[in-house]
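Note: hydrogens, waters and symmetry copies are ignored here, and every other heavy atom, side chains too, is used. Throughout, a chain's letter reflects where its sequence line sits, starting with A, and its residues are numbered from 1.
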Amino acid sequence: MSRMPCEEIRMPTPQSIEELCVRAQALQGRMVCEVAQFLHVAIPKEPRRSKGFIGQLVERILGSDPAAGDRPDFTGLGVELKTIPVNTHGIPKESTFCCSIDMNTADTEKWETSRLRKRLACVLWVPIESALLAPMPARRFGVPVLWSPSLAQEACLRSDWEYLMGAIGAGYGGVLSAREGEALQVRPKAANRLVRTVAPAQDGAMQTLPLGFYLRAVFTEKILKDT
DNA sequence: GATTGATCATAC
DNA sequence: GTATGATCAATC
């Protein structure tokens with residue numbers, strides 16, 4: 001006997017920020033497997049091959065726009081959704097990917113109109129608590145936080161962004177490491193180390209590994225703590 | 001043990 | 001291939 005799998009459910013998009021927050025708060029204390037079951041979504045067996053799974057699960061349960069593309073996840077509300085892995089004390093365990101970098105135009109971009117600034121203008125952080133070695137289905141959602149950068153936070157991000165983008169624009173993208181930047185860092189964002197993109201070089205252009213912006217855990221820790 | 005550099009899945 | 005969603009695992 002066999003039957004068609006149940007269709008995977010996506011909740012309707014929330015009509016207000018309040019509604020979105022209420023829904024996110026309702027996740028608190030729930031396990032990943034509960035939410036997956038509710039949505040008729042199968043849980044992947046290999047953790048190594050399911051890195052984006054929880055993020056996509058939360059998109060479904062909160063009703064983000066699946067066609068948002070380059071815009072915020074909740075296009076009508078201007079809210080970006082980020083799930084963030086935390087330990088039992090609520091401390092982030094990982095840095096947070098923010099956006100890829102268009103390295104080729106790094107020399108002409110301005111902070112005010114940057115992809116990073118837009119992406120971080122309003123973020124709903126949904127912590128996912130993973131106790132020591134907790135298998136993914138048993139991890140629980142924590143207290144969600146709706147955040148926009150404070151003046152001090154934006155100044156910090158801007159400073160890092162201008163330094164890092166300035167370096168890329170000046171032709172140093174190929175030698176930039178994740179050690180640069182206080183709150184922000186640049187790290188590879190690619191399928192593998194062989195991927196190449198075009199970036200400025202001291203003399204013309206070069207082929208180099210694509211980079212993305214990531215928020216350091218020390219920065220997101222304060223967001224979760226202070227907001 | 002924390003961090004950096006590398007990688008994995010899916011949609012279009 | 002480009003974008004989204006991130007976490008894995010080698011290295012320090």
Worksheet item: Do the side chains of Ile9(A) and Arg60(A) get nearer than 4.5 Å, heavy atoms only?
Response: no
Item to complete: Inspect the contact between Arg117(A) and Glu154(A) and indicate whether a charged nitrogen and a carboxylate oxygen are less than 4.0 angstrom apart.
Response: yes
Worksheet item: If you check the Ser177(A) side chain, which of dT7(B), dG5(C), dG5(B) turns out closest?
Response: dG5(B)
Worksheet entry | Length of the line joining Gln56(A):CD and dG5(C):C1', which is rounded to integer Å | 5 Å
Fill in: Residue Arg49(A), side-chain heavy atoms: nucleotide from dG5(C), dT7(C), dC8(B) that is nearest
dC8(B)
Worksheet item: Would you say Thr83(A) reaches dG5(C)'s phosphate, i.e. side-chain N/O to OP1/OP2 under 4.0 Å?
Response: no
Worksheet item: Does Ser50(A) or Arg179(A) map to a spot on DNA chain B nearer the 5' end, using the closest nucleotide for each?
Response: Arg179(A)
Practice prompt. Please tell me which of the listed nucleotides, dT7(B), dA6(B), dG5(C), lies nearest to the side chain of Ala190(A)?
Written response: dT7(B)
Item to complete: May I ask you to verify if any side-chain N or O of Gln185(A) is less than 4.0 angstrom from the OP1 or OP2 atom of dT4(B)?
Response: yes
Discussion item. Distance check needed: dA3(C) P versus Asp65(A) CG, whole Å only.
Written reply: 18 Å
Practice prompt. Considering just the side-chain nitrogens and oxygens of Arg48(A), establish if one lies under 4.0 Å of OP1 or OP2 belonging to dT7(C).
Written response: no
Discussion item. From C-beta outward on Tyr214(A), which listed nucleotide comes closest to its side chain: dA6(C), dC8(C), dG5(C)?
Written reply: dA6(C)
Item to complete: Would you mind classifying the nucleic acid contact of Gly52(A) as base, sugar-phosphate or nothing, using non-hydrogen atoms under 4.0 angstrom?
Response: base
Worksheet item: Counting only distance, no hydrogens or angles, is the base of dG1(B) paired donor-acceptor with the side chain of Lys93(A) under 3.5 Å?
Response: no
Fill in: Donor-acceptor contact present, side-chain Arg49(A) to main-chain Lys45(A), <3.5 Å
no
Worksheet item: Any idea which of dA9(C), dA6(B), dT4(C) is nearest the Lys189(A) side chain?
Response: dT4(C)
Worksheet item: How do Cys99(A) and Pro85(A) order along DNA chain C: which one's closest nucleotide is nearer the 5' end?
Response: Cys99(A)
Worksheet item: Just checking Pro66(A): base, sugar-phosphate only, or nothing, at a heavy-atom cut-off of under 4.0 Å?
Response: nothing
Item to complete: Give a yes or no on this: more than 12 heavy atoms of other residues, nucleotides or ligands lie within 6.0 Å of atom CG of Asn192(A).
Response: yes
Discussion item. Check for me whether Arg187(A) meets the cation-pi criterion with Tyr214(A), that is, NZ or CZ under 6.0 Å from the six-membered ring centre and within 45 degrees of the ring axis.
Written reply: yes
Worksheet item: Rounded to whole angstroms, how far apart are NZ on Lys51(A) and P on dA6(C)?
Response: 13 Å
Discussion item. Are the side chains of Ser64(A) and Thr13(A) in contact, using a 4.5 Å heavy-atom criterion?
Written reply: no
Worksheet, complete the sentence: When rounded to whole Å, the CD1 to P distance for the pair Ile54(A) and dG5(C) reads 15 Å
Item to complete: Take atom CD of Glu59(A) and atom C1' of dA6(C), then tell me their distance rounded to the nearest Å.
Response: 11 Å
Response to the item:
Taking for Leu209(A) and for Arg60(A) the nucleotide of DNA chain B with the nearest heavy atom, the one nearer the 5' end belongs to Leu209(A)
Worksheet item: Of all the choices, dA9(B), dA6(C), dT4(B), which nucleotide is nearest to the side chain of Glu94(A) once you look at every atom?
Response: dT4(B)
Fill in: Candidates dA6(C), dT7(C), dT4(C) - which lies nearest the side chain of Arg119(A)
dT4(C)
Fill in: Length of the CE-P vector between Met136(A) and dA6(C), whole Å
13 Å
Fill in: Which residue lies more 5' along DNA chain C, comparing Ile128(A) with Arg115(A) via nearest heavy atoms
Arg115(A)
Worksheet item: What is the distance from CD of Glu182(A) to C1' of dT3(B), rounded to the nearest Å?
Response: 17 Å
Item to complete: Would you mind reading off the distance between Arg71(A) atom CZ and dT4(C) atom P, rounded to a whole angstrom?
Response: 12 Å
Response to the item:
Test side-chain contact (heavy atoms from CB on, under 4.5 Å), reference Met103(A), set Ile168(A), Val198(A), Val186(A), output is Ile168(A)
Worksheet item: According to a strict under-4.0 Å criterion, is Arg187(A) in side-chain N/O contact with OP1 or OP2 of dA6(B)?
Response: no
Worksheet item: When all nucleic acid strands are considered with a 4.0 Å heavy-atom cut-off, which category describes Glu46(A): base, sugar-phosphate, or nothing?
Response: nothing
